[in-house]
Amino acid sequence: MKALVIEGPKTAVIQEVPYPTPGEKEVTIRVKRCGICGTDFHIYQGEFLSPYPLIPGHEFSGVVEEVGPGVTQFTKGDRVAVDPSLFCGECEFCLTHRGNHCVNWGATGDTVNGALAEFVKVPAQNVFKLSNDLSFAAGAMIEPLACVVHGVNRLELKVGQSVLIFGAGSMGQLLTQALSRAGAGELVVVDVDQSKLDVALAHGATAGYLSQNIDQALSHRVGHAGFDVVIDVTGIPAVIETEFKYVAPTGTFMQFGVAPEKSSVSINPFDVYHKDLRIIGSMAINRTYGAAVNWINAGRFDIDSLISTVVSLEEIPALLEGGKASNVMKIQVSFD
Ligand SMILES: [Zn+2]
Ligand SMILES: [Zn+2]
């Protein structure tokens with residue numbers, strides 16, 4: 001079968017690789033759609049935890065091709081999407097509902113071969129059936145939404161609180177839609193691209209500002225007039241450093257965007273103390289995939305407006321090399 005293989009940092013090629021035969025309690029999926037994520041760019045750049053060579057791809061949907069021994073809940077042709085999380089189930093973190101910090105943490109497409117290939121093999125317990133009227137494109141957006149569900153759980157947002165989001169790519173958009181449904185009051189979005197702000201404004205944001213204008217537009221929103229919640233979805237250290245000043249006393253700063261593994265920012269510890277701040281992270285998915293399936297199956301999210309680009313597998317090496325353009329939201333690979 002055909003696959004995209006990242007052989008090492010900055011080396012991505014299309015290759016023929018062996019078909020992944022499902023083992024005990026495993027399912028092989030014929031991939032229909034697979035999203036490209038910021039993490040895939042980090043893997044390509046050598047900035048993530050991944051081993052090489054690796055077939056990336058962790059945001060995907062497809063149909064069941066073959067089931068391994070012991071799998072009774074799926075049959076060939078089932079329309080499905082997959083939680084890529086691979087938790088050992090036995091370590092202290094798994095046993096205390098913190099599987100996303102499993103000491104043996106892995107994920108399909110991050111630490112083992114993923115779905116930028118015609119077929120991918122996954123544990124049957126990670127497979128979720130899609131409702132018949134849900135598109136494969138929407139199915140491939142369940143994984144990023146599951147990360148957003150975890151983030152929303154981490155925030156413990158109170159109804160009516162004000163939120164400021166930096167970065168209106170597909171994750172910023174999903175957070176905007178999720179937080180508007182979860183009870184946010186004011187919901188302000190910042191991005192470098194006006195077309196992304198327009199999408200956010202059409203889906204729950206109450207205001208949107210271009211990054212170059214915020215020093216002026218938000219100059220009055222520091223100190224006590226700041227936001228209850230500030231979320232970074234850019235992962236860009238130089239930007240992150242500028243965001244803390246917008247957190248109101250007793251507010252929460254959440255690092256949602258994935259920054260390069262070895263980056264750092266400086267913060268003012270006096271402010272953290274004096275303003276009673278809470279600084280939290282949000283790491284991937286922690287048994288939140290099912291909630292995301294429910295949220296998407298119920299039709300509460302507009303997904304179509306978030307998929308800006310659909311490409312073929314062959315286009316991915318050049319795309320990884322070129323980096324992500326600022327006006328692009330979700331890129332998906334179609335295998336049709
Ligand atoms: Zn992702
Ligand atoms: Zn574990």
Side-chain angles (χ1 to χ4, degrees), residues 4 6 31 33-45 47-50 54-62 81-117 120 122-123 125-126 128 137-152 167-175 178 231-235 255-261 281-289 292-293 296 301 303 306-309 311 316 319-320 323-324 328-333:
L4 174 95
I6 298 183
V31 181
R33 280 284 176 115
C34 183
I36 304 292
C37 166
T39 307
D40 297 314
F41 285 92
H42 286 302
I43 294 171
Y44 175 74
Q45 293 292 341
E47 297 169 340
F48 200 66
L49 316 158
S50 303
L54 181 81
I55 300 172
H58 59 271
E59 306 177 355
F60 59 101
S61 60
V82 178
D83 181 352
S85 314
L86 301 173
F87 303 158
C88 77
E90 292 172 358
C91 72
E92 183 191 341
F93 285 83
C94 282
L95 293 173
T96 50
H97 314 291
R98 297 174 289 171
N100 58 332
H101 297 287
C102 171
V103 297
N104 304 302
W105 185 88
T108 299
D110 290 333
T111 60
V112 301
N113 283 339
L116 284 175
V120 59
V122 297
Q125 64 173 5
N126 290 47
F128 291 76
M141 286 294 276
I142 294 171
E143 193 277 344
L145 185 63
C147 297
V148 164
V149 172
H150 179 56
V152 172
S170 57
M171 287 311 240
Q173 299 286 346
L174 287 175
L175 272 164
I231 305 174
D232 177 76
V233 199
T234 72
Q255 185 59 49
F256 191 92
V258 183
E261 199 183 354
S282 180
M283 159 61 187
I285 295 170
N286 187 19
R287 306 281 180 212
T288 46
Y289 200 91
V293 171
I296 278 197
F301 282 76
I303 297 296
L306 309 188
I307 300 166
S308 60
T309 317
V311 297
I316 296 301
L319 198 142
L320 287 172
K324 204 169 165 187
V328 166
M329 284 206 275
K330 179 53 70 183
I331 301 166
Q332 285 188 342
V333 177

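Counting starts at 1 for both ligands and their atoms, following the listed order. The chain is numbered in sequence order, starting from 1.
Listed by chain and number, the protein atoms of type N/O/S under 2.8 Å from the Zn ion (ligand 2) are Cys88 SG, Cys91 SG, Cys94 SG, Cys102 SG; waters are omitted.
Here the side chain of Ser308 pairs a donor or acceptor atom with the backbone of Met329 at under 3.5 angstrom. Not one N or O on the side chain of Glu59 forms a donor-acceptor pair closer than 3.5 Å with the backbone of Pro144.
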Under 3.5 Å, which donor-acceptor pairs link side chains of residues 97-108 to any protein atom two or more places apart or in another chain?
{"residue": "Arg98", "atom": "NE", "partner": "Thr96", "partner atom": "OG1", "Å": "3.1"}
{"residue": "Arg98", "atom": "NH2", "partner": "Thr96", "partner atom": "OG1", "Å": "3.0"}
{"residue": "Asn100", "atom": "ND2", "partner": "His150", "partner atom": "NE2", "Å": "3.2"}
{"residue": "Asn100", "atom": "ND2", "partner": "Met283", "partner atom": "O", "Å": "2.9"}

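Around the CD atom of Gln45, the shell of radius 6.0 Å holds more than 12 heavy atoms that belong to other residues, nucleotides or ligands.
The closest side-chain heavy-atom distance from Cys147 to Phe256 is below 4.5 Å.
Listed by chain and residue number, Val148, Val152, Trp295, Phe301 satisfy the side-chain contact (heavy atoms from CB on, under 4.5 Å) test with Ala178 (two or more places apart in sequence, or in another chain). In terms of the side-chain contact (heavy atoms from CB on, under 4.5 Å) criterion, residue partners of Leu54 (sequence neighbours excluded) are, by chain and number, Ile43, Ser50, Asn113.
The atom of Glu59 nearest to the Zn ion (ligand 1) is OE2, with the search restricted to N, O or S atoms.
At least one N, O or S atom of His58, from either the backbone or the side chain, sits less than 2.8 Å from the Zn ion (ligand 1).
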